[in-house]
Chemist: 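One structure is given below, represented as structure tokens, and several questions about it will come after.
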Amino acid sequence: MKSLITSNLIKFTFATVVLTIIFRIGLSTSITNKMTAAVIICSIVYGILMWLNGSYFGRKEYEYLPIYDIGFRFHLSTFLAHNLISIVWFVFGFESKYENIEVIYITALIWSTFLIIHLIYYLSIKKSSIKNLDKNLFE
């Protein structure tokens, strides 16, 4: 059986870390300078780049490891990378004086709810597949 921690997942996570650090720099700078439009643009660009990151490595991953829901592993790695970087950002004092760490905690709490739902879906699909392959794949 192929490993669930693959080179594509590692590359995706590395790209996620880099993009998240760049996002945090742009976000904190924009908030410090009270540039509302820049905060919005920074968030939209980050979202688009993360979607492209996931699409690219997700396709490559599916070719390498054809399990039904590869997205959960990518979702989990994104959740961990984004939230750990955001918390470390505050620990080292890189945040804007207008930022509050409670926003990070609230975001992580809401996001973790969706992550748990995704985990339940992932586990239910895994149980209804044959050795992690979709039953309908061979019809």
Chemist: Applying side chain to side chain donor-acceptor pair (under 3.5 Å), can you list everything that pairs with S7, at least two apart in sequence or on another chain?
Modeler: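 For S7, no residue satisfies side chain to side chain donor-acceptor pair (under 3.5 Å) once neighbours in sequence are set aside.
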Chemist: Is any side-chain heavy atom of T32 less than 4.5 Å from a side-chain heavy atom of K97?
Modeler: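 Answer no - side chains too far apart.
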Chemist: Between side-chain atoms of residues 16-27 and protein atoms elsewhere (two or more places apart, or another chain), which donor-acceptor pairs fall under 3.5 Å?
Modeler:
unit_1, atom_1, unit_2, atom_2, d
T16, OG1, F12, O, 2.8
T16, OG1, N53, ND2, 3.1
T20, OG1, T16, O, 2.7
T20, OG1, Y46, OH, 2.8
R24, NH2, E99, OE2, 2.6

Chemist: Provide the closest heavy-atom pair for N8 versus F57 in the form atom of the first, atom of the second, distance.
Modeler: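 Closest approach of N8 to F57, heavy atoms only: O-CD2, 3.8 Å.
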Chemist: For Y56, enumerate each residue passing the ring-ring contact (aromatic ring centres under 6.0 Å, His included) test, keeping only those at least two apart in sequence or located in another chain.
Modeler: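 If we apply the ring-ring contact (aromatic ring centres under 6.0 Å, His included) test to Y56, skipping adjacent residues, there are no hits.
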Chemist: Can you name the residues that form a side chain to side chain donor-acceptor pair (under 3.5 Å) with T29, not counting sequence neighbours?
Modeler: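 Result, side chain to side chain donor-acceptor pair (under 3.5 Å) vs T29: none returned.
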Chemist: What pairs with I116 under side-chain contact (heavy atoms from CB on, under 4.5 Å), at least two apart in sequence or on another chain?
Modeler: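 Testing I116 for side-chain contact (heavy atoms from CB on, under 4.5 Å), a comparison that skips the adjacent residues, returns I120.
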Chemist: Any idea how H75 and F72 line up, ring-wise: parallel (<30°), tilted (30 to 60°), or perpendicular (>60°)?
Modeler: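 Geometry flag for F72 against H75: perpendicular rings.
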Chemist: Determine whether V39 and L49 fall in the same hydrophobic cluster, where Ile, Leu, Val, Met, Phe, Trp and Tyr are linked whenever their side-chain heavy atoms lie under 4.5 Å apart.
Modeler: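 Same hydrophobic cluster.
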Chemist: How many angstroms lie between atom CZ of R73 and atom CD of E61, to the nearest 0.5 angstrom?
Modeler: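 The CD atom of E61 is 4.5 Å from CZ of R73, to the nearest 0.5 Å.
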Chemist: Please list, chain by chain and in numerical order, all residues satisfying side chain to side chain donor-acceptor pair (under 3.5 Å) with W51, sequence neighbours excluded.
Modeler: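 By the side chain to side chain donor-acceptor pair (under 3.5 Å) rule, W51 matches no residue at all.
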Chemist: For residues 106-115, which residue pairs pass the salt bridge (Lys or Arg N to Asp or Glu O under 4.0 Å) check, not counting sequence neighbours?
Modeler: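 For residues 106-115, and leaving out neighbouring residues, there are no salt bridge (Lys or Arg N to Asp or Glu O under 4.0 Å) pairs at all.
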Chemist: Work out which heavy atom in A108 is nearest to a heavy atom in F79; give both atom names and the distance.
Modeler: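 Closest approach of A108 to F79, heavy atoms only: O-CE1, 3.6 Å.
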Chemist: Can you list the residues that meet the side-chain contact (heavy atoms from CB on, under 4.5 Å) rule with I44, with sequence neighbours excluded?
Modeler: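 Scan of I44 (side-chain contact (heavy atoms from CB on, under 4.5 Å), adjacent residues dropped) gives I40, I48.
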Chemist: Can you name the residues that form a side-chain contact (heavy atoms from CB on, under 4.5 Å) with I117, not counting sequence neighbours?
Modeler: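 Listed in chain order: T113.
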Chemist: Enter the distance from S28:OG to F94:CZ here, rounded to the nearest 0.5 Å.
Modeler: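 Reported to 0.5 Å precision, the distance equals 10.0 Å.
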Chemist: Please check if the side chain of S112 supplies one atom and the backbone of L115 the other of a donor-acceptor pair under 3.5 Å.
Modeler: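 No.
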Chemist: Between N83 and W111, which heavy-atom pair has the shortest distance, and what is it?
Modeler: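 Of all heavy-atom pairs spanning N83 and W111, the closest is ND2-CE3, 3.7 Å.
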Chemist: Apart from V91 itself, which Ile, Leu, Val, Met, Phe, Trp or Tyr residues share its cluster (side-chain heavy atoms under 4.5 Å, direct or through members)?
Modeler: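 V91 shares its hydrophobic cluster with I87, F90, I101, I104, Y105.
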Chemist: Which other residues belong to the hydrophobic cluster containing I110, where Ile, Leu, Val, Met, Phe, Trp and Tyr are joined when side-chain heavy atoms lie under 4.5 Å apart, directly or via other members?
Modeler: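 Traced through the cluster, I110 reaches I106, F114.
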Chemist: Out of curiosity, C42 SG to I31 CD1, how far, rounded to the nearest 0.5 Å?
Modeler: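 So the SG of C42 and the CD1 of I31 are separated by 9.0 Å.
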Chemist: Count I, L, V, M, F, W, Y as connected when their side-chain heavy atoms are under 4.5 Å apart, and connections chain through other members. Are V45 and M35 then in the same cluster?
Modeler: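 No, no single cluster joins them.
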Chemist: Kindly write out the residues that satisfy side-chain contact (heavy atoms from CB on, under 4.5 Å) with I10, not counting sequence neighbours, or none if the list is empty.
Modeler: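 Applying side-chain contact (heavy atoms from CB on, under 4.5 Å) to I10 gives I5.
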